[in-house]
Amino acid sequence: MPHPLTRAFFARSPRRVARDLLGKILLRDAGKLHLSARVVEVEAYLGINDPAAHAAAGNTARTSVLFGPPGHAYVYFIYGNHYCLNVSCEREGKAGSVLFRALEPLFGVQEMARARGITLHGPGDLPKLTSGPGRLAQAFGITRPRDNGCDLTSPASGLWLAEDGFRPRTIQITPRIGISKAADQPLRYILAENPFVSGRKTQVGV
DNA sequence: ATATCGATTATCT
DNA sequence: GATAATCGATATG
């Protein structure tokens, strides 16, 4: 049985939290709806001194959760279309966070497909559910303001993180995706060779 | 297979 | 007024 991650787990640097979140599980419990998926791709955002981080703009109405206690959901809306999910890290007052970029569905595949508004035609379609930060948020019904600030260490919140004993084999670290500032820093953590990791599907070079 | 582009809005300059 | 931690559709090789 999965058990929730602790506050102390998140009260560390974004790099360590990101690294250790790989292989953990995100769960959604809303009445009859139960979803779960394994974390396979995340990015670390380092706080006010990271030009690519929303926290670089300071503690505003939008970013206040980042400056609050660790282990809480920071949900933002982007490109007029998509929501994305982060978890706050470090101590209260320090704005590090981790962005969830891709998950591997474990339970509730049909419900995720319905939330995404797509029909599955085969196993090859599964990555369309949760591969990409906007996709996984839609699959889990994560929106702002409703889910912004919710406690991801508490099953009672209906959106939480847990571990089930899974141990990742190979972890790779690469530059972050989709940003223009500080784009060279290696802060993206992925489970190597997991088909649910977002981005290029074809291997270039070797 | 890769490249380009439109959608649509909160936030900041 | 411009841009953005994205996605999906369309065009082209």
Side-chain angles (χ1 to χ4, degrees), chain A residues 10 13-15 17-19 21-22 26 37 39-68 72-90 94-103 105 112-122 124-149 152 172-190 195-206:
Chain A
F10 297 102
S13 77
R15 292 179 216 258
V17 174
R19 157 73 178 70
L21 273 174
L22 290 177
L26 179 70
V39 179
V40 302
E41 176 182 357
V42 292
E43 283 176 358
Y45 285 84
L46 305 185
I48 59 172
N49 292 321
D50 178 355
H54 290 179
N59 187 340
T60 67
R62 182 198 196 192
T63 63
S64 63
V65 171
L66 293 173
F67 293 82
H72 290 257
Y74 168 58
V75 179
Y76 68 90
F77 189 61
I78 192 71
Y79 293 112
N81 284 299
H82 312 287
Y83 294 96
C84 297
L85 172 69
N86 290 243
V87 59
S88 59
C89 302
E90 298 183 305
K94 236 184 151 192
S97 66
V98 173
L99 168 69
F100 293 87
R101 286 199 56 92
L103 309 172
M112 292 183 202
R114 191 179 321 138
R116 292 271 297 115
I118 63 177
T119 304
L120 299 172
H121 293 102
D125 286 343
L126 287 176
K128 292 181 186 172
L129 296 178
T130 52
S131 181
R135 288 168 171 173
L136 73 87
Q138 189 178 23
F140 273 69
I142 294 166
T143 61
R144 181 184 173 115
R146 192 187 64 190
D147 296 298
N148 191 48
L152 296 178
Q172 261 175 27
I173 310 178
T174 79
R176 294 178 291 190
I177 303 242
I179 58 172
S180 53
K181 302 164 196 162
D184 51 330
Q185 292 200 54
L187 292 170
R188 172 175 174 255
Y189 296 75
I190 65 177
F196 293 88
V197 169
S198 75
R200 292 265 181 286
K201 298 292 183 205
T202 51
Q203 197 81 315
V204 56
V206 163

Tell me whether the side-chain N/O atoms of [X] come closer than 4.0 Å to OP1 or OP2 in [N].
{"X": "A/His54", "N": "C/dA5", "result": "yes"}
{"X": "A/Arg144", "N": "B/dA10", "result": "no"}
{"X": "A/Ser180", "N": "C/dA4", "result": "yes"}

- Task: Kindly state whether the pair A/Tyr45 / C/dA5 counts as stacked, where counting means centroids closer than 5.5 Å and planes tilted less than 30° apart.
- Result: yes
Could you state the [atom1]-[atom2] distance from [X] to [N], rounded to the nearest angstrom?
{"X": "A/Leu66", "N": "C/dA5", "atom1": "CG", "atom2": "C1'", "answer": "11 Å"}
{"X": "A/Lys128", "N": "C/dG8", "atom1": "NZ", "atom2": "P", "answer": "8 Å"}
{"X": "A/Ile118", "N": "C/dA9", "atom1": "CD1", "atom2": "C1'", "answer": "15 Å"}
{"X": "A/Phe100", "N": "C/dA5", "atom1": "CZ", "atom2": "P", "answer": "18 Å"}
{"X": "A/Ile78", "N": "B/dA7", "atom1": "CD1", "atom2": "P", "answer": "17 Å"}
{"X": "A/Glu41", "N": "C/dT6", "atom1": "CD", "atom2": "P", "answer": "10 Å"}
{"X": "A/His82", "N": "C/dA5", "atom1": "NE2", "atom2": "P", "answer": "13 Å"}
{"X": "A/Lys181", "N": "B/dC12", "atom1": "NZ", "atom2": "C1'", "answer": "10 Å"}

Where do [X] and [Y] come nearest, in terms of heavy atoms and distance?
{"X": "A/Leu99", "Y": "A/Cys84", "answer": "CD1-CB, 4.0 Å"}
{"X": "A/Arg144", "Y": "A/Val75", "answer": "NH1-O, 2.9 Å"}
{"X": "A/Pro127", "Y": "A/Pro195", "answer": "CG-O, 4.1 Å"}

- Quick one: the side chain of A/Tyr76 and the base of B/dA10, do they pair up donor-acceptor inside 3.5 Å? no
- Task: Can you figure out which of C/dA4, C/dC7, C/dG8 approaches the side chain of A/Arg116 most closely?
- Result: C/dG8
- According to a 3.5 Å limit on both distances, what stems of 3 or more consecutive Watson-Crick or G-U pairs are formed with DNA chain C? B:1-7 with C:6-12, B:9-12 with C:1-4
- A/Arg62 and side-chain contact (heavy atoms from CB on, under 4.5 Å): which partner among A/Val65, A/Leu66, A/Thr60? A/Thr60
- Give me the residues of residues 58-65 of chain A where at least one heavy atom lies under 4.0 Å from an atom of DNA chain C, by number, or none. none
- Query: When the ring planes of A/Phe77 and A/Tyr83 are compared, do they come out parallel, tilted or perpendicular, using 30° and 60° as the limits?
  - Reply: tilted
Taking the side chain as every heavy atom from C-beta outward, state whether [X] and [Y] have any pair of such atoms under 4.5 Å apart.
{"X": "A/Arg15", "Y": "A/Tyr189", "answer": "yes"}
{"X": "A/Ser88", "Y": "A/Tyr74", "answer": "no"}
{"X": "A/Val98", "Y": "A/Phe10", "answer": "no"}

Counting the atoms with a prime plus P, OP1 and OP2 as sugar-phosphate, which does [X] contact under 4.0 Å by heavy atoms, base, sugar-phosphate, or nothing?
{"X": "A/Arg176", "answer": "nothing"}
{"X": "A/Leu99", "answer": "base"}
{"X": "A/Tyr79", "answer": "base"}

- Does atom CZ of A/Arg19 have more than 12 heavy-atom neighbours, drawn from other residues, nucleotides or ligands, at distances under 6.0 Å? no
- Message: As an exercise, state the distance from CD of A/Glu90 to CG of A/Leu46, rounded to the nearest 0.5 Å.
- Response: 8.0 Å
